[in-house]
There are 2 protein chains.
Amino acid sequence: MTTSETERVNAAVQRLRRAGLRNTAARRGVLDQLAHAVGGRGHLSVSELHHALLARGVVVELSTVHRVLRQLVELGIAHTVPVGRTTTFGLADDIHHHAVCGTCGDMRQLPAEAVAASVAAARAVGIDTDQSGHPNGVVVYGRCVRCRTTDR
Amino acid sequence: MTTSETERVNAAVQRLRRAGLRNTAARRGVLDQLAHAVGGRGHLSVSELHHALLARGVVVELSTVHRVLRQLVELGIAHTVPVGRTTTFGLADDIHHHAVCGTCGDMRQLPAEAVAASVAAARAVGIDTDQSGHPNGVVVYGRCVRCRTTDR
DNA sequence: GTGCTCTTGCCACTATCTTGCAATAGATCC
DNA sequence: GGATCTATTGCAAGATAGTGGCAAGAGCAC
């Protein structure tokens with residue numbers, strides 16, 4: 001884990017503590033994994049996260065991972081992006097939006113400037129994205145180059 | 001059902017026929033319902049659609065509704081918008097994108113112009129939205145006025 | 001009307017996520 | 001360090017959403 005990842009995890013733990021939540025192994029593990037994933041290919045599904053934790057020797061129940069993630073989302077520490085039938089999670093410590101391949105689930109970040117017009121249009125019809133603790137943000141669903149060329 | 005709804009259903013049935021698919025009661029029922037819903041509050045979940053069909057006397061299995069919808073999406077006749085853990089469906093006969101309340105699932109349409117910059121940004125990172133038969137389009141997740149004021 | 005074959009109903013199954021409850025483990029105070 | 005309080009977790013059962021196989025039935029072409 002890089003220094004920056006450690007810092008982001010620590011910042012998230014501080015927010016948990018301020019919310020009156022305890023600093024448990026399960027929560028640290030989930031945060032570590034999310035911080036690591038955001039640096040990598042992007043967000044993680046619950047089962048990916050669970051497997052990664054077990055592989056690292058952090059023994060937690062799947063139901064616990066679900067509960068931890070729900071809390072992180074409620075606190076605005078993590079955010080969700082639905083991909084097909086599953087939900088993926090990422091840290092929400094920098095404002096970013098997503099482009100998702102609906103076929104393979106590959107995900108890229110989009111800068112806030114690029115989606116500003118979409119956000120404004122949504123607000124104009126009554127949907128506000130500045131709502132911590134709720135799923136929010138812009139998601140562009142499409143297909144990645146690889147899935148297009150291999151016709152998946 | 002208005003004249004315009006009937007026309008849209010007929011157009012969709014023509015597309016089915018051209019794809020070599022039969023004009024069955026289940027498919028007509030689903031298309032009717034989708035055409036009606038798009039005129040109303042927006043998209044429908046599978047179970048909403050199923051209940052609406054049964055209420056209208058169109059007796060179909062839930063699994064059939066799933067199968068019909070999957071085919072409609074594959075043909076580009078319908079499109080999907082994930083809302084929380086469920087998927088909602090709408091007719092795709094006009095190009096539009098969506099703003100969704102992540103709390104209550106309320107949905108508004110966004111014009112293509114408003115989301116053009118987001119689509120371009122996604123393409124720049126390799127995600128292309130012009131892919132019929134695949135989930136695509138821009139979705140802005142946020143909260144609607146009602147859920148914000150009632151703090152749901 | 002006949003016949004071919006696509007569709008559907010039925011049922012079992014998988015995957016994802018939630019919930020209740022008892023046991024466990026953080027955090028605080030002394 | 002030890003006692004205590006209570007949030008958190010593991011465990012197990014169950015809810016919800018969607019899929020797949022197969023035989024019976026229904027569209028469509030002729």
Side-chain angles (χ1 to χ4, degrees), chain A residues 10 12-31 33 43-54 57-75 77-78 80-89 102-103 105 135, chain B residues 9-10 12-33 43-54 57-75 77-89 102 105 135:
Chain A
N10 287 341
V13 170
Q14 290 313 310
R15 293 185 62 182
L16 282 175
R17 307 261 26 236
R18 278 198 298 277
L21 301 180
R22 292 174 183 174
N23 177 15
T24 67
R27 287 186 180 137
R28 271 194 313 278
V30 167
L31 287 170
Q33 215 55 49
H43 294 213
L44 292 171
S45 69
V46 176
S47 67
E48 283 171 342
L49 228 165
H50 186 218
H51 282 119
L53 287 173
L54 294 180
V58 182
V59 180
V60 280
E61 271 294 305
L62 184 59
S63 62
T64 300
V65 177
H66 277 287
R67 275 186 281 220
V68 167
L69 285 169
R70 214 189 324 168
Q71 287 174 321
L72 294 180
V73 171
E74 277 165 15
L75 289 171
I77 295 172
T80 63
V81 178
V83 178
R85 268 178 53 196
T86 63
T87 309
T88 64
F89 296 79
T103 305
Chain B
V9 170
N10 287 341
V13 170
Q14 291 313 308
R15 292 184 61 182
L16 282 175
R17 308 261 26 237
R18 279 198 297 277
L21 299 181
R22 292 174 183 173
N23 178 16
T24 67
R27 288 185 180 138
R28 270 195 314 278
V30 168
L31 287 170
D32 281 356
Q33 216 53 50
H43 293 211
L44 292 172
S45 69
V46 176
S47 68
E48 283 170 343
L49 228 164
H50 187 217
H51 282 119
L53 287 173
L54 294 180
V58 182
V59 180
V60 279
E61 272 293 306
L62 184 60
S63 62
T64 300
V65 178
H66 276 288
R67 278 186 281 221
V68 166
L69 286 169
R70 213 188 324 168
Q71 289 174 319
L72 294 179
V73 171
E74 277 166 16
L75 289 171
I77 294 172
H79 61 183
T80 63
V81 178
V83 178
R85 267 180 55 200
T86 62
T87 309
T88 63
F89 296 79

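Just the heavy atoms: all of them, side chains too, but no hydrogens, waters or symmetry mates, feed the values below. From a predicted model like this one, the values you see are computed outputs, not experimental measurements. Proteins get letters first, then strands, A, B, ... in listed order; numbering begins at 1 in each.
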Distance check needed: D:dT8 C1' versus A:Arg27 CZ, whole Å only. 6 Å

Protein-nucleotide distance (A:Leu31, atom CG; D:dT8, atom P), rounded to Å: 13 Å

Any side-chain N or O of A:Arg70 less than 4.0 Å from the OP1 or OP2 oxygen of C:dT19? yes

What is the distance from CG of B:Leu44 to C1' of D:dA17, rounded to the nearest Å? 16 Å

Here the distance between atom C1' of C:dC17 and atom NE2 of A:His50, to the nearest Å, is 13 Å

May I have the step-by-step check of side chain to side chain contact (heavy atoms under 4.5 Å, CB included) for B:Val46 and B:Thr87, ending in yes or no? CA-CA 7 Å; B:Val46 176; B:Thr87 309; 5.9 Å; no

Let me know the distance between CZ of B:Arg22 and P of D:dA26, rounded to the nearest Å. 12 Å

Please determine, for the side chain of A:Val60, which listed nucleotide (C:dT5, D:dT8, D:dG10) has the closest atom? D:dG10

What's the CZ-C1' distance between B:Arg28 and D:dC28, to the nearest Å? 13 Å

Regarding A:Asn23 and A:Arg17, do their side chains bring together a donor and an acceptor under 3.5 Å, going by distance alone? no

Sub-4.0 Å heavy-atom contacts from residues 62-69 of chain B onto DNA chain C, ordered by number: B:Ser63, B:Thr64, B:Arg67, B:Val68

Rounded to whole angstroms, how far apart are CG on B:Leu21 and C1' on D:dG27? 12 Å

Considering all heavy atoms of both residues, which atom of B:Glu61 and which atom of B:His50 are nearest to each other, and what is their separation? C-NE2, 3.9 Å

CG (A:Leu62) and CZ (A:Arg67) are apart, to the nearest 0.5 Å, by 10.5 Å

Please state whether the phosphate of C:dA15, meaning OP1 or OP2, lies under 4.0 angstrom from any side-chain nitrogen or oxygen of A:Arg85. no

Atom OG1 in A:Thr86, atom CD in A:Glu48: separation rounded to 0.5 Å? 7.5 Å

Mind calculating the distance between CG (B:Leu72) and P (C:dT7) to the nearest angstrom? 11 Å

Distance below 4.0 Å between B:Thr87 side-chain N/O and D:dG18 OP1 or OP2: yes

Taking all non-hydrogen atoms of both residues into account, name the closest pair between B:Thr64 and B:Ala26 and its distance. CG2-CB, 4.0 Å

What's the verdict on side chain to side chain contact (heavy atoms under 4.5 Å, CB included) for A:Ile77 and A:Leu31, showing C-alpha distance, side-chain angles and the deciding distance? CA-CA 9 Å; A:Ile77 295 172; A:Leu31 287 170; 4.0 Å; yes

